[in-house]
Protein chains: 2
Amino acid sequence: MLAKIKAARDTLRKSEQKVADVVIADPEQSVQSSIQAIATLASVSEPTVIRFCRALDCVGFQQFKLKLAQDLARRGTFFYQDVTVDDSSKELANKLLDGAIASLVQIRNQINEDQLDKAIAMYEACERIELYGSGGSAVVAEDAQLKFFRLGKPAIAYSDPHIQHASAALLDKNALVIAISHSGRSSDILKTVEIARQSQAKVISVTATRSPLAQVSDVALTVDVNEDSDIFSPVKSRLGQMVVLDVLAVGVAVRGGDHMLEQLSRARRAIDFKFV
Amino acid sequence: MLAKIKAARDTLRKSEQKVADVVIADPEQSVQSSIQAIATLASVSEPTVIRFCRALDCVGFQQFKLKLAQDLARRGTFFYQDVTVDDSSKELANKLLDGAIASLVQIRNQINEDQLDKAIAMYEACERIELYGSGGSAVVAEDAQLKFFRLGKPAIAYSDPHIQHASAALLDKNALVIAISHSGRSSDILKTVEIARQSQAKVISVTATRSPLAQVSDVALTVDVNEDSDIFSPVKSRLGQMVVLDVLAVGVAVRGGDHMLEQLSRARRAIDFKFV
DNA sequence: TTCATTATGTAATTTTACTACAAACTGTTA
DNA sequence: TAACAGTTTGTAGTAAAATTACATAATGAA
């Protein structure tokens, strides 16, 4: 939740940002405050606070406070810690693992059931799938391709933006695009999605809450992660994206009933034996 | 909090006990209810509910709900559960995420510091790196390539076993191979490693404990994960492998001192901005 | 049975969250 | 730059929730 606020902060309206800042500055305090108190602190009106909550997919202020409270309760179990030069490799490993775990916990608490259901329905309705991701997200797209092509519909992943553009232009209304991007701001992916939509294709994005990419997609599966402590590529969001796509794929499989599940597990044994 | 309610339950007054029973019966529901709703459910008056909260050392109903919510958030964290056909997408997502989290916790608890230190030393001693992984592990190898090539030495990932063989044959004693395989039993990867060792290259494997691959490597970074519940490709071991390789890369970077870390974080910002 | 004490409920009050609408601001077209 | 549409924000009112004060009922000891 807190990560979600941070991620969404820049896409909020000006006065809502003030609210976000107040909450980020002292979440423990916010959780105990009334709308009025927060509104005063942020120098905005009370409805603005409610609008802020709604922008974060909460039905109201109470739910927002509840989610925030739960978020606060959970951190402390595994939490982010910066790596320092004096760390032993054991400490280093623990810190990094803790960070990764914490981010998955965060994602777990953020899953939007509604969007997920829609995404599953979109898969069921489509005839083929294209996965777009560049740079680090290319890895995720490829991983997802491995999953999706076992579900019975053609699935292909492209990492080169030029090829993405070209391929997106050739889609039709029976195609489903899954666009993967950590920030959701890369102009390449936005352009690709724009082209895909012109081709009438449906678009699911796996990206940050309220990012430009999320906003131009039919369905957004959001992955918000605190990347401050990542030195390299954003491993944590990578992991999050992979798991979210796994959830989608399993969701599709489960809707297909027992039969499909069994078939898949047989396929898995056969393939894994050879490849992994 | 929930424990507190249970403990206090018998010392409460009769009608407060009714409230306690309602809360214990369905805490998730209670956390979202109003005083009125709970009062009705327990067939008591609203002030009784408040008295119940006060009896539990809360200043009011709101604080009680908050504490209960935090309690709920903390408890029962993360264990494997099989997905069933009747699961809602929310349940499904939670089960899968929990499984993934549990597996990272497991990896965290079994990191072998000694092997990790050796691996870091081997990186420092080598001149170039080759990453081998096929099928699902190809994704991990690619991801690792992205990390390692920023550390200053050439790094390249191959997924095609034939090319792996050919490339391994051309290595020398200054080369470092990182071989990735979930099972550590695929004959392709074993053959590749055998060739690499004949070429005098050093070998780090990222695979299951005591697997054939682990046994023929100079250093084995082990990733053991309960895959029973994975329907598709082994996501969990995939995640584990990625994190373990991240640990290795960060470890290398940290040994390079503050200077290297800073340089990397600058590089990251530049690259991420464009690519992710 | 009566009285004191405790427990519970009723009804009023206050606080809080939320809604509807209007004003103010932003940016765009003529 | 004036007029406009669209968006953002605030004002004022409303509904609902939590809380209080007080009354009534239950309990139990003398």
Side-chain angles (χ1 to χ4, degrees), chain A residues 1 5 7-24 26-72 209-212 214-216, chain B residues 1 5 8-24 26-72:
Chain A
M1 195 70 204
I5 299 172
R9 135 103 234 230
D10 291 339
T11 73
L12 296 170
R13 319 187 234 244
K14 259 205 299 296
S15 45
E16 286 169 16
Q17 289 186 7
K18 290 190 207 164
V19 179
D21 292 341
V22 166
V23 174
I24 292 168
D26 193 348
E28 283 82 6
Q29 176 60 47
S30 304
V31 123
Q32 305 190 53
S33 307
S34 65
I35 290 191
Q36 206 174 49
I38 291 178
T40 309
L41 258 164
S43 325
V44 300
S45 68
E46 301 183 19
T48 299
V49 177
I50 293 178
R51 286 191 274 258
F52 163 80
C53 300
R54 302 246 160 93
L56 266 53
D57 302 318
C58 296
V59 341
F61 180 67
Q62 287 297 344
Q63 195 188 62
F64 167 77
K65 274 211 319 197
L66 228 57
K67 283 193 183 176
L68 184 62
Q70 300 204 323
D71 208 48
L72 293 176
T209 302
R210 296 176 65 83
S211 63
Q215 282 166 358
V216 297
Chain B
M1 194 71 204
I5 299 173
R9 136 97 231 212
D10 290 339
T11 73
L12 295 171
R13 319 185 234 240
K14 259 208 300 297
S15 48
E16 286 169 15
Q17 290 186 6
K18 291 190 206 163
V19 179
D21 292 341
V22 166
V23 173
I24 292 167
D26 192 348
E28 284 81 6
Q29 175 61 47
S30 305
V31 125
Q32 302 189 55
S33 308
S34 64
I35 288 191
Q36 207 173 50
I38 292 179
T40 309
L41 259 165
S43 325
V44 300
S45 69
E46 301 183 21
T48 300
V49 177
I50 292 180
R51 287 183 201 115
F52 163 81
C53 300
R54 302 249 160 94
L56 269 68
D57 303 318
C58 297
V59 348
F61 180 66
Q62 286 299 342
Q63 195 188 65
F64 167 76
K65 276 211 318 198
L66 230 57
K67 284 191 181 177
L68 184 61
Q70 299 203 322
D71 207 48
L72 255 29

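All values reported here derive from a predicted model rather than from experimental measurement. Numbers restart at 1 for each chain; the letters A, B, ... are given by sequence-line order, proteins then strands.
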Notebook entry, point to check: Can you tell me how far CD1 of B:Ile38 sits from CG of B:Asp26, rounded to the nearest 0.5 angstrom?
Noted result: 10.0 Å
Checklist line | Between P of C:dA17 and CZ of A:Phe64, the distance in whole Å | finding: 12 Å
Margin query: Regarding A:Gln17 and A:Arg9, do their side chains bring together a donor and an acceptor under 3.5 Å, going by distance alone?
Written below: yes
Notebook entry, point to check: Starting at CZ of B:Arg13 and ending at P of C:dG9, how long is that distance when rounded to a whole Å?
Noted result: 11 Å
Margin query: Is the phosphate of D:dT9 approached by A:Ser15 (side-chain N or O, under 4.0 Å from OP1 or OP2)?
Written below: yes
Check: What integer distance in Å separates B:Glu16:CD from C:dG9:P?
Finding: 10 Å
Next item on the list: Would you kindly compare B:Lys14 and B:Ser33 by the position of their nearest DNA chain D nucleotide and give the one closer to the 5′ end?
Entry: B:Ser33
Check: At their closest point, which heavy atom of A:Ala8 faces which heavy atom of A:Arg210, and how far apart are they?
Finding: CB-CD, 3.7 Å
Margin query: Can you confirm whether A:Phe64 sits close enough to A:Val49 that some side-chain heavy atom of one is under 4.5 Å from a side-chain heavy atom of the other?
Written below: no
Next item on the list: Could you pull out the closest heavy-atom pair between B:Lys65 and B:Ser33, with the gap in Å?
Entry: NZ-O, 3.0 Å
Review item, nucleotides 19-24 of chain D N/O atoms under 3.5 Å of protein N/O:
{"unit_1": "D:dT19", "atom_1": "OP2", "unit_2": "B:Phe61", "atom_2": "N", "d": "2.9"}
{"unit_1": "D:dT20", "atom_1": "OP2", "unit_2": "B:Arg54", "atom_2": "NH1", "d": "3.1"}
{"unit_1": "D:dT20", "atom_1": "OP2", "unit_2": "B:Arg54", "atom_2": "NH2", "d": "2.9"}

Note to self: Counting the atoms with a prime plus P, OP1 and OP2 as sugar-phosphate, which does A:Val49 contact under 4.0 Å by heavy atoms, base, sugar-phosphate, or nothing?
What the structure shows: nothing
Margin query: Whole angstroms only, please: what is the CG-P distance between B:Leu12 and C:dT6?
Written below: 17 Å
Next item on the list: Nearest 0.5 Å please: distance from the OG atom of A:Ser45 over to the CZ atom of A:Arg51.
Entry: 5.5 Å
Check: Is B:Thr48 near enough to C:dA7 that one of its side-chain N or O atoms lies under 4.0 angstrom from OP1 or OP2?
Finding: no
Next item on the list: Measure the distance from CD on B:Gln32 to C1' on D:dA17 and round it to the nearest whole Å.
Entry: 16 Å
Notebook entry, point to check: A:Gln63 CD to C:dT16 C1': how many Å, rounded?
Noted result: 17 Å
Next item on the list: Write down the distance between NZ (B:Lys18) and P (C:dT8), rounded to a whole number of angstrom.
Entry: 8 Å
Notebook entry, point to check: What integer distance in Å separates A:Gln36:CD from D:dA17:P?
Noted result: 19 Å
Next item on the list: Could you grab the distance from atom CD of B:Gln63 to atom CZ of B:Arg54, nearest 0.5 Å is fine?
Entry: 10.0 Å
